[in-house]
Structures are given as structure tokens and as C-alpha cells.
There are 4 protein chains.
Amino acid sequence: MLNRSILIGRLTRDPELRYTPAGVAVTQFTLAVDRPFTSNGEKEADFIPVVTWRQTAEACANFLRKGRLCAVEGRIQVRNYENSEGKRVYVTEVIADNVRFLERGEQQESTQSRDEGKQIDIADDDLPF
Amino acid sequence: MLNRSILIGRLTRDPELRYTPAGVAVTQFTLAVDRPFTSNGEKEADFIPVVTWRQTAEACANFLRKGRLCAVEGRIQVRNYENSEGKRVYVTEVIADNVRFLERGEQQESTQSRDEGKQIDIADDDLPF
Amino acid sequence: MLNRSILIGRLTRDPELRYTPAGVAVTQFTLAVDRPFTSNGEKEADFIPVVTWRQTAEACANFLRKGRLCAVEGRIQVRNYENSEGKRVYVTEVIADNVRFLERGEQQESTQSRDEGKQIDIADDDLPF
Amino acid sequence: MLNRSILIGRLTRDPELRYTPAGVAVTQFTLAVDRPFTSNGEKEADFIPVVTWRQTAEACANFLRKGRLCAVEGRIQVRNYENSEGKRVYVTEVIADNVRFLERGEQQESTQSRDEGKQIDIADDDLPF
DNA sequence: TTTT
DNA sequence: TTTT
């Protein structure tokens, strides 16, 4: 009924922009979100996959790069599919409708991007990943 | 740097309470979070695993049941481990520090529960799951 | 750059539906949000004004009543105006774009409402309050 | 029952650090949070007062300055008091338990600060403002 | 002016 | 493996 996540972190790699067969832009990247207290020497960040659509996707592809800091607002989505060995695999991603660029790049002008679109017309097998 | 999720949904099953070797209470359940717009007949909920610790864990085990509505506040955690076939498996869960019971059970008195504790002293292999 | 609030609470009174001169629906209500720990006998809730627009406004007016529990997602807005004595008064409200009805009323069917609209065309003096 | 706000914005002035009679640190500042779409030439930011306590208060006083970008996580609090003319005045603030410094200052080392404390022992008239 |  |  309500599903809202807000993350601030850094991109682990350059974002990947693809297009669905219907021509809709989709950008994926992974955010490294440092955990607050890691008194022990253990794992200290969560690596959270983020997916953006349409204008937001294109803005992210244009303005975000590996290592860049950004804030992401969206919802947790859990997809599942059968892999080549016939096992069900669960994929959890944050579908972001709002991304804020918190560091200025070289040619960067705008620093915000909000997806106001609906995703109703996009079938699962339309996904490029 | 910042990692905050808020979910409202219903438990898909009764919660499971376990204890770490060190005696710390851990409760797990899955929330079915209905998506807002599902104009097509496709999948219409995300099933999101939730983990709670200590007092919150015990309150959830006491007061939550399959089908019950609740609100959960926490952070997204991505664990990974090597499975029996030597493949790396990623598990994404919401570690909740605040759970609100939005429906009253039979013998239920209190309807809130907030975990104020630190998790620093709990090793990964302490996990009962 | 980012402004997101999520509240769960009860309406202190019935919601008030009005229309701007341009015919846009606006509903206002106040949420009583109980504070978690009030060990002393002091004040124990925050009373937070909420404003909704368009479809969400009409759904709230239809389905919400005094005492009803709901979840609200939106942004904090701080307006200010000069009062009759020439003093500047600040008004803080949560402008909600998503409201979930957490209790079922009598004739209630749907229990969700999300405002997807833009507010760009609505002037400040269009406000009915 | 649930009250969570996340803001990203810039300080309108240097933060103000004070101490309660009991010696507890309190820091106040105001965040200018730009609104996403302001196609018209109207008001384009919300100015939101933020209050932090204890360690977070001291870290904010040390590391934040006018114009600096930061992220704030907390709850909306509505206080009211009677002013000198006998009128009731409402003050809305975000009580932050988590502040992230998104820009590095000169001598700045740490860039995070989370208040884990309880506020139960602090009376209202303990407030320095 | 406040809700269960 | 999924809830109303």
C-alpha cells in the first residue's frame, strides 16, 4: 500500500542506458550506501541496484558517473524469474522516480530529474535486462 | 550515507522468531505491498522480506499474524553468501527499527515497537538464517 | 532539493473540501500523530496540517472522517502571509500527493488515492484558505 | 504513529548552538529546500527550521555553515506557545536524528552524525529558544 | 481548536 | 512459497 525508499550514495560504476523495444529509456546503476556505524572491520556498505525510466533515465545517463554522489527516491520492487538452471531468482531494485545529483560534473547544467510518467504500458518482457 | 525505507503492507505468513547464539531475538516476515496502479492483470504486489531485532522482534512475534496490516521503517540491507553450488546469492531485506501495528489483534495491547539498539556486536554467522 | 514526509495518524476533525476559483479541488485536514515515547505526562501528539489536491482531495473528502487512521506522503511547505495586524505569519503544511486509508468506512470501496498532477497553474491567491 | 521526514537543502545561515540549563547541546538552523518545478517566477524554496540535539547538535555546529548542502532525517514537531500579545503561536520544526554533510568543509573530517539518544528527560522549559 |  |  505504501512503498517509499530514499537513498544517498555513490555510483559503483557508470550508469547503463538502454531502450525497451517500444523505445522507452531505462537506466540502471548501483548505489554504494555506506552504513552509519561499522565499529568492526566488516562489510560497511550496501550495494543497491537502482532503475530509472524515461527523462530521469536520460538525465542520469548524461550527468551521473562512477563515484558521483546522488540521492534517489523511489520504491522497492522485487522481480523474479527462472534462470537457465530452472531455479527461481529474486531481484530487488529501487525503481527511482526522483534523482538528485549532489555533485556537479564538468558539462553539467541541471541537477534534478523527476519521473512523472506511468509505467502501465511497459510489459515485463519489454525490459532490456 | 542515507538509507531509509517506509513500507505499509500485509504479512504473507506468521512471523518467525529465532534467537542468535548470543541470545538476541530476531524476527523475520514478508510484507506484501500492493502496487498503486495495475491497470493490466499482471503482478500487483511486491513481497519484501523484513527483519527486526530485539524488543521489536519480540513485539512483532507477539502481535503480528498472517494477513495483518503494518507499517515498517528501516533500511535496505543487501547480504550475499555462497550457496551449496558455489554460486553467490544476494539477499535483500529491510532491517526495520520501527514497526507500527495498524490492526488490532485479539489480546493485543500495545501497538508500537521501536528498536533503539545497536547491531554492532552481532556477527554475520550469528544469524539464525 | 529533496523534501519528503511520511505520516501515519488520525484526523482530528472531518476533512474540509473546497474549490479554487479555477475549480480545482483542495482538501485540508489535520493529522494527530502520536509520539512514540512520552514517559512524562506531557504533550504526546503532533497536530500536522495536511493539504491535498484534485482527485486525492476528493477521495479524502469522500472516505476520511474524524478519528480515521491514514497514511500520508508528501512534502513540507512553508507559506507566509501578512495578517490583519501587519505581522508576517508562517504556515507549515504537508502537501500530500499520496494518501492511504488504513481503516475501512461504511460505504468505502477504494482505499487509495495518489495525486499525479502538477500544481504549476494554480496561483497562491487561488487558494481558498 | 509514524512521522518521518527527509530533506536535502542548504543552510540559510550559520547554525546556532545553545545549551539547555541541564547542559544538553541543541543546534538550530534553517534549510532552504528548492522546489522541483517552478515554471512561474514565484517562490521556489521552502525554508524549513531544523533542530538537532546532543552529538548531532555539536557535529552540525562544527561542520555546517551558511550555504552548505546537507541531508536531514527526522520528525515534524509542532510546538505552540502564547506570545507577548497573548496570542497562540505555532512553530513547526523538523527534529533531526540524522544529518549528513554533503559538502566537505575546510577542516572537516567526519561527515555524519546520528542522534541515538532519548529526549525524555528534557523539559519544555529547558529549551533555549 | 485537536485523534484512538 | 505469498497478503486483503
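So you know, we letter chains A, B, ... as the sequences are listed, proteins then strands, and number each from 1. Nothing here was measured: the structure is a model prediction, and the numbers come from that model.
- The nearest whole Å value for the distance from the CD atom in Glu16(C) to the C1' atom in dT1(E) is 12 Å.
- The distance between atom CZ of Arg100(B) and atom C1' of dT4(E), rounded to the nearest whole Å, is 14 Å.
- Nearest nucleotide to the Lys66(C) side chain, out of dT4(F), dT1(E), dT3(E): dT3(E).
- For the pair Asp14(B) (side chain) and Arg65(B) (backbone), a donor-acceptor distance under 3.5 Å is absent.
- Per the geometry, CG belonging to Leu2(D) stands 16 Å off C1' belonging to dT4(E), to the nearest Å.
- When rounded to the nearest whole Å, the span between CG of Asp46(B) and C1' of dT4(F) equals 16 Å.
- Put simply, Arg13(B) has no side-chain N or O that comes within less than 4.0 Å of OP1 or OP2 on dT1(F).
- Whole-Å rounding puts the Met1(D) CE to dT4(E) C1' distance at 9 Å.
- One interatomic measurement links the two molecules: CZ of Arg65(C) to P of dT3(E), which rounds to 17 Å at whole-angstrom precision.
- Among the protein residues, Gly9(C) comes within range of no part of the nucleic acid, since none of its heavy atoms lies under 4.0 Å from any strand.
- Contacts of Tyr90(A) with the nucleic acid, taken as non-hydrogen atoms under 4.0 Å apart, include base atoms.
- Protein atom CG of Leu69(B) is 20 Å distant from nucleotide atom P of dT2(F), rounded to whole Å.
- In summary, of the residues considered (Leu7(B), Val72(B), Ile6(B), Asp34(B)), a side chain to side chain contact (heavy atoms under 4.5 Å, CB included) with Leu2(A) occurs for Ile6(B) alone.
- The interatomic distance linking Asp14(C) (CG) with dT1(E) (P) rounds to 20 Å, in whole Å.
- The side chain to side chain contact (heavy atoms under 4.5 Å, CB included) test with Gln77(D) is passed by exactly one of Asp46(C), Val33(C), Ile48(C): Asp46(C).
- Between dT4(E), dT3(F), dT2(E), one nucleotide has an atom nearer to the side chain of Arg10(B) than all others, and that is dT3(F).
- Take Ala25(B) and apply the side-chain contact (heavy atoms from CB on, under 4.5 Å) test, not counting sequence neighbours, and it matches Leu17(B), Tyr19(B), Ala57(B), Glu58(B).
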